[in-house]
Amino acid sequence: MPELPEVETIARGLARRVTGDVMESVWLGSKPEPLKSPAREIVATLESKRIADVRRVGKHIVFDLEPTGQTGERPAKPLKSRGSKSRLSQSRKPTSSKARGAKAASIGSKTTSEHSQWIVHLGMTGSVVVSTPDAEVEKHTHAIVKLASGKELRFVDPRRFGRLSVAHQFQAAGSEPLEVELDRFVELFKGRKTPIKSALLNQGLLSGVGNIYADESLHIARIHPLRTANTLSDDEIAKLYAGIRQALSDGIRYEGASINWYRKPDGTRGESQDHLRVYRERGNLDKPCPVCGSPITKIWVGQRGTHFCPSCQTR
DNA sequence: ACTATTTCCTGGATGC
DNA sequence: TGCATCCAGGAAATAG
């Protein structure tokens, strides 16, 4: 459930709470661990590092870490939102086939302590909570990081779809929906025969759009979710581009959709769910289309519940 | 190179 | 009331 607006809200909240703090020790749960990097690598990367920043990349939370100790060199603050467009052209590595995006590219680089990053993907039900040490460790806690301030960062995830990893220059596989330019956006979908709804969920194209905001974007753009991407006109794609930007920035403004699991870092609910146009919780289709008043229809597209207005979004 | 399908996972909702 | 079943879906893995 956590999609771009939810992860953005979480990352901002975490940044406010733990930036500057130092990770002193790391505990990782046993059993089937939700780890993408080896446990020892995660522990080694996190321990004794200062949290320089916490930010969102796609649906990932990125903790930018810097070494502690030597006062001599203080690594430059990691690239915040520096024009990713300018990097796009040159960032196509020669080893493009294995540019799976989320992989921890730890090859070479002996200066591993520089620019290291802790990457958290929340999956469906994951959360990162800031606790005091005496707070009860809730069920499904898979990692605890003790901070120098005395606080603890805890990764909790009942359904265990979340993943922890470390990286150095983490890059999402796809483009940032709020940063990509229109012509690039058009290119992403050109020629694809898959339903546009499925294409929107493909993180290799756009990183950050999930089921809720895909439905919302398509409704704003008045595009039927089953239209295949290659049948969309330039005008329709431009409307979709704008729709995505609107749906996501509204989501951020309302601090995420607390449909079921998601809570803001302070434990309260986001408000985005009160402003959704077509997405409905558990197929509750009582609330009609806010534009024309027609009943919302729910169908399945690529195993995903998909909501749309059959009157506004025709094929 | 794509596209479609399956699988993982558990709490809460629903059904009998 | 209780127990079984269904449903939610991000993304890796598998199949076509």
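Computation of the quantities below employed the complete heavy-atom set of this structure, encompassing side-chain atoms and omitting hydrogens, waters and symmetry-equivalent molecules. Sequence lines set the chain letters: A, B, ... in the order given, protein chains first and strands last, and positions in each chain run from 1. Small disclaimer: the values here were computed from a predicted structure and weren't measured.
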Can A:Asp21 and A:Arg50 be counted as an ion pair, charged N to O under 4.0 angstrom? no
Axis-to-axis angle across the helix from B:dC2-C:dG16 to B:dC16-C:dG2, five pairs an end, to 10 degrees? 50°
Please list all pairs meeting side-chain hydrogen bond (donor to acceptor under 3.5 Å, both in side chains) that have one or both residues in residues 283-297 of chain A, counting only residues at least two apart or in different chains. none
DNA chain B: 5'-proximal contact among A:Arg159 and A:Ser198 (nearest heavy atom): A:Ser198
Could you tell me whether A:Glu176 and A:Arg56 have a side-chain N and a carboxylate O separated by less than 4.0 Å? yes
Whole-Å distance, A:Tyr279 OH to C:dC7 C1', equals 11 Å
Rounded to the nearest Å, what distance is computed from the CD1 atom of residue A:Ile196 to the P atom of nucleotide B:dA4? 12 Å
Restricting both atoms to N or O, compile the protein contacts to nucleotides 14-16 of chain B shorter than 3.5 Å, with distance only.
none

How long is the line joining CZ of A:Arg160 and P of B:dT7, in whole Å? 18 Å
Considering only distance and modelled atom types, tabulate donor-acceptor pairs under 3.5 Å from the side chains of residues 126-141 of chain A, sequence neighbours left out.
unit_1, atom_1, unit_2, atom_2, d
A:Thr132, OG1, A:Asp134, OD1, 3.1
A:Thr141, OG1, A:Glu138, O, 2.5

Can you tell which of C:dA8, B:dA4, C:dG10 lies closest to the side chain of A:His121? C:dG10
Does OP1 or OP2 of B:dT10 have a side-chain N or O of A:Thr125 closer than 4.0 Å? no
From B:dA4, B:dG11, C:dG10, nucleotide with atom closest to A:Lys139 side chain: B:dG11
Between A:Trp261 and A:Asn202, who's closer to the 5' end of DNA chain B by nearest nucleotide? A:Asn202
Name every residue in residues 297-307 of chain A that has at least one heavy atom under 4.0 Å from any atom of DNA chain C, in order of residue number, or write none if there are no such residues. A:Lys298, A:Trp300, A:Arg304, A:Gly305
Between C1' of C:dA12 and CZ of A:Arg163, the distance in whole Å: 8 Å
A:Ile259 has an atom CD1; how far is it from atom P of C:dG10, in whole Å? 12 Å
Closest approach of A:Val301 to A:Leu226 (non-hydrogen atoms, all atoms of both residues): CG2-CD2, 3.7 Å
Using whole Å, report how far CD of A:Glu6 lies from P of C:dG10. 10 Å
Where at least one partner belongs to residues 208-234 of chain A, residue pairs that pass salt bridge (charged side-chain N to carboxylate O under 4.0 Å, His left out), sequence neighbours excluded: A:Lys197-A:Asp215, A:Arg227-A:Glu236
In whole angstroms, the gap separating C1' of C:dA12 from NZ of A:Lys36 amounts to 9 Å
Select one nucleotide: of B:dA4, B:dG11, C:dG10, the one nearest the side-chain heavy atoms of A:His140. B:dG11
Roughly, in whole Å, what's the span from CZ in A:Arg192 to P in B:dA1? 12 Å
According to the interplanar angle, ranging from 0 to 90°, do the rings of A:Phe155 and A:His142 count as parallel (below 30°), tilted (30 to 60°) or perpendicular (above 60°)? tilted
Salt-bridge present (A:Lys146, A:Glu24; N to O < 4.0 Å): no
Should the pair A:Arg160-A:Asp157 be classified as a salt bridge under the 4.0 Å nitrogen-to-oxygen rule? no
What about A:His219 and A:Phe308, are their ring centers closer than 6.0 Å? no
Tell me whether the centres of the aromatic rings in A:His121 and A:His60 are closer together than 6.0 Å. yes
Closest heavy-atom pair and its distance - A:Ile296, A:Leu285: O-CD1, 3.5 Å
